[in-house]
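Take a look at the structure set out below.
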Amino acid sequence: MDQGQGLRHVLSARTGDRDRARSAREAVDRLPGQWRGAPGRVHLGHGLRRGRIDRVHLPGHDVVAGRRDPDRHALGRGAGRARRHDGGRDRRHRNAPQPGGEEVMTVRVRIAPSPTGLVHVGNVRAALFNWMFARHHGGVFILRIDDTDIERSEQQYEDEIKAGFRWLGLDWDEGVDVGGAYGPYRQSDRMDRYRQVVDQLVESGHAYYDDRSTEELEALRQKAQHEKRHPNHYIRRPDREATSGVVRFSVPQDAAVEFDDVIRGNVRFEADVIDDFVIYRSNGTPTYHLASTTDDLDHAITHVIRGEDLLSSTPKHILLSRAIGGTEPLYAHLPLIMGPDGKPLSKRHGPTSLKEFRDRGFLPEAFRNYLSLLGWSLDGDQTVFTTEEAIAAFELSDVSKNPAVFDTTKLEWMNGEYIRALSESDFIERVRPHVESGLGRRLTEAEWAQFSQMAPLVQERSKFFSDAAEQVRFLFTDEVDYDEASWSKVMEKDGVVDVLRVSSEKLAGLEQFDHDAVEAALRSMLEALEIGARKGLQPLRVAITGSQVSPPLFESIAVLGRERSLARLSRCLDRLG
RNA sequence: GGCCCCGUCGUCCAGUGGUCUAGGACGCCGGCCUUUCAAGCCGGAAACGCCGGUUCGAACCCGGUCGGGGCUGCCA
């Protein structure tokens, strides 16, 4: 088969989709300049009205009110998406900035991993979606490091996280290593700022010091539990004033917190189920809630796109935002990703390190494609598509609400699609390090020439690069190890000795030793012994490659060469007595 | 226990009141091709959790129920 025909075929069959994707991209491009989001054109303070985030519309930009928004039809999936530029135009008209009215806003999103371990694929998917969202809107994608847990944060994890994102192609416009106008982007570099915010909150009465012991707190939780109330119902400002200990945020009890999640729609929390949470530890460091919220505000984040595990923390972040002041971001909570057992992924469950996938020889483009399908889809029936197509079509409001299971089998299939779509030379170049590490040694140029002859056959049979190494192992070892099951199933049968013997004679007498000659020789062997190809060639396959599963035999023998092939046959004859 | 989120084939998605005898993909099963294995091609099995309600009509809207998940830390 023509190498790569598979994917090319799929791609070329999609001209219509490409056109659509292009028109979507153009629609974005046609947005008035101030909406397009040139980095740096950020204005704070007016884009969103405090407490009314559900009313803010960013033109051409899937904000707001999720499923209940009647406008959704104009920007929704399927046909709606195809009509996107029309809908977008309507919106622009309706929402065009009025003279002296709303300010300009650029999409600014971030991924904020905490370097206390490796990122699991759930976080990677969150990074991907943030990145695609930013790229779709010509916005800014920021990499922040949430290392307020000084006890557990480690530089090594941060390095590995960054390496993983780079491998995946998720380039960040601002953040650690690359800087930006809103830096620093590492929380440990912003301790003074958090201290300042805490002082301000205590000063304004939004927060208070609390020196109660864990026992006291535990008793309050027990009490609430017994009364079938929310466990933190009684975690409120105590009568006695403290000047040390932790700092808690004082949650106003007069109003529920309600917000419109871009993915989930309206979500409401009654005030009494939100505890007076700790914002500052007694060791002088901010908690996640405080640091993250402060950063989002200071960094002018417009959309907080994160895992659903943070959904129930969101009212705290909203309350904090209001108390600190500034422009509240919109929230979008992604469904969680589960392991094959249906249990959520975590730092010790399921695939964690991108490095593993890289080492096994997954292609970043395939990985992106697969990951984008977890909680989103380009349309009803297209599963293989380029990242550009995905970016052009990506809408937050199209993101699914249900959890997804990470399916390695499908990932492997998809990676195989991408591998087969590679040009022969790309394949050889990219597979090379995997072959060498699989073999445990460098290959000589002569050996590479041999590999290159086999490459197309190996490429077609590889789901990932590291399994290519296994397929050609027989070429680069002197003594093949015979696979036990293969040997007993194939070699311990009548007639095998004849097959090996006659084959040896025929191959030995060849003038040319190439694919066609080998094939002719072996076919004449089959004729001479009056035996079918299916039966007659398997013993040779095992003798040559050590296994009943291998790349095509004639090519394998031709590339192995006469001397080594004959040696393997005679070795088997010896072994068979 | 309390609060919040979610519920379409085994898995990932499509589906936004009639065109759904529910569509695509992976996987699975069968067949073709065939020197093995892949790939490719053809075919097949496979799902709207359940109960009510609204409606002429519901996978789609509402309620309940059951099930799954998250949070409930001086982790994030």
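Proteins come first, then strands; the chains are lettered A, B, ... in the order of their sequence lines, and each starts at number 1.
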### Query
Can you tell which of B/rA76, B/rG69, B/rC3 lies closest to the side chain of A/His230?
B/rC3
### Message
Assuming nearest nucleotide by heavy-atom distance, tell me which of A/Leu336 and A/Val246 is located more 5' along RNA chain B.
### Response
A/Leu336
### Complement of B/rA47, any strand, by Watson-Crick or G-U distances under 3.5 angstrom
none
### Task
Please check the phosphate of B/rC3 (OP1 and OP2 only) for any side-chain N or O of A/Asn232 closer than 4.0 Å.
no
### Query
For B/rC20, which nucleotide is its Watson-Crick or G-U wobble mate, given both distances must be under 3.5 Å?
none
### Message
Does this structure show an ion pair linking A/Glu218 with A/Arg212, if we count only N-O contacts that are shorter than 4.0 Å?
### Response
no
### Task
Please tell me which of the listed nucleotides, B/rC71, B/rU36, B/rU11, lies nearest to the side chain of A/Asp309?
B/rC71
### Query
What nucleic acid atoms does A/Pro335 come within less than 4.0 Å of, heavy atoms only: base, sugar-phosphate, or nothing?
nothing
### Query
Taking only residues two or more places apart in sequence or in another chain, which ones pass salt bridge (charged side-chain N to carboxylate O under 4.0 Å, His left out) with A/Asp467?
none
### Query
According to the Watson-Crick and G-U wobble definitions, with both distances under 3.5 Å, which nucleotide is paired to B/rG7?
B/rC66
### Query
Below 4.5 Å, heavy atoms only, C-beta onward: do A/Thr387 and A/Asn369 meet side chain to side chain?
no
### Query
To the nearest angstrom, how far is A/Leu457 atom CG from B/rC37 atom P?
16 Å
### Query
Rounded to the nearest Å, what distance is computed from the CZ atom of residue A/Phe474 to the P atom of nucleotide B/rU36?
16 Å
Give each protein N/O atom lying under 3.5 Å from an N/O atom of nucleotides 4-8 of chain B, with the pair distance.
from	atom 1	to	atom 2	distance (Å)
B/rC5	O2'	A/Arg264	NH1	2.6
B/rC5	O2'	A/Glu308	OE2	3.3
B/rU8	OP2	A/Asn402	ND2	3.2

### Message
Is it the case that the base of B/rU35 and the side chain of A/Arg534 share a donor-acceptor contact (distance under 3.5 Å, atom types as modelled)?
### Response
no
Pairwise N/O distances under 3.5 Å, protein to nucleotides 64-66 of chain B:
none

### Query
What's the NZ-P distance between A/Lys228 and B/rC3, to the nearest Å?
11 Å
### Query
Just how far, in rounded Å, is P of B/rG2 from OH of A/Tyr234?
15 Å
### Annotated protein contacts, base or backbone, on nucleotides 20-30 of chain B with a non-hydrogen cut-off under 4.0 Å, one of B, S, - each
---BSBSS---
### Message
Let me spell it out: for each of A/Asp275 and A/Phe554, pick the nucleotide of RNA chain B with the closest heavy atom. Which residue's pick is nearer the 5' end?
### Response
A/Phe554
List the atom pairs, with distances to 0.1 Å, where a side-chain N or O of residues 533-540 of chain A and a protein N or O form a donor-acceptor pair under 3.5 Å, not counting sequence neighbours.
from	atom 1	to	atom 2	distance (Å)
A/Gln538	OE1	A/Arg541	NE	2.7
A/Gln538	NE2	A/Gln548	O	3.4

### Query
Are a donor atom and an acceptor atom from the side chains of A/Arg144 and A/Ser292 found within less than 3.5 Å of each other?
yes
### Query
A/Arg306 and A/His333: side-chain donor and acceptor closer than 3.5 Å?
yes
### Query
Would you say a side-chain N or O of A/Arg152 is under 4.0 Å from OP1 or OP2 of B/rA76?
no
### Query
Counting only non-hydrogen atoms, which of residues 212-227 of chain A are less than 4.0 Å from RNA chain B?
A/Arg221, A/Gln225
### Closest nucleotide among B/rU36, B/rA76, B/rC3 to the A/Thr287 side chain
B/rA76
### Query
With a 3.5 Å cut-off and no angle check, do the side chains of A/Ser188 and A/Asp147 form a donor-acceptor pair?
yes
### Query
Paired with B/rC61 by Watson-Crick or G-U wobble geometry, both distances under 3.5 Å: which nucleotide is it?
B/rG53
### Message
Ignoring hydrogens and geometry beyond distance, is a side-chain donor-acceptor pair present between A/Asn130 and A/Arg110 at under 3.5 Å?
### Response
no
### Message
Would you say A/Arg229 places a side-chain N or O within less than 4.0 Å of OP1 or OP2 belonging to B/rG1?
### Response
no
### Query
Would you say a side-chain N or O of A/Ser400 is under 4.0 Å from OP1 or OP2 of B/rC12?
no
### Message
So if I apply the ring-ring contact (aromatic ring centres under 6.0 Å, His included) rule between A/Phe357 and each of A/Tyr370, A/Phe465, A/Phe367, which one comes out positive?
### Response
A/Phe367
### Task
Please determine, by modelled atom types, if A/Asp272 and A/Gln253 share a side-chain donor-acceptor pair under 3.5 angstrom.
no
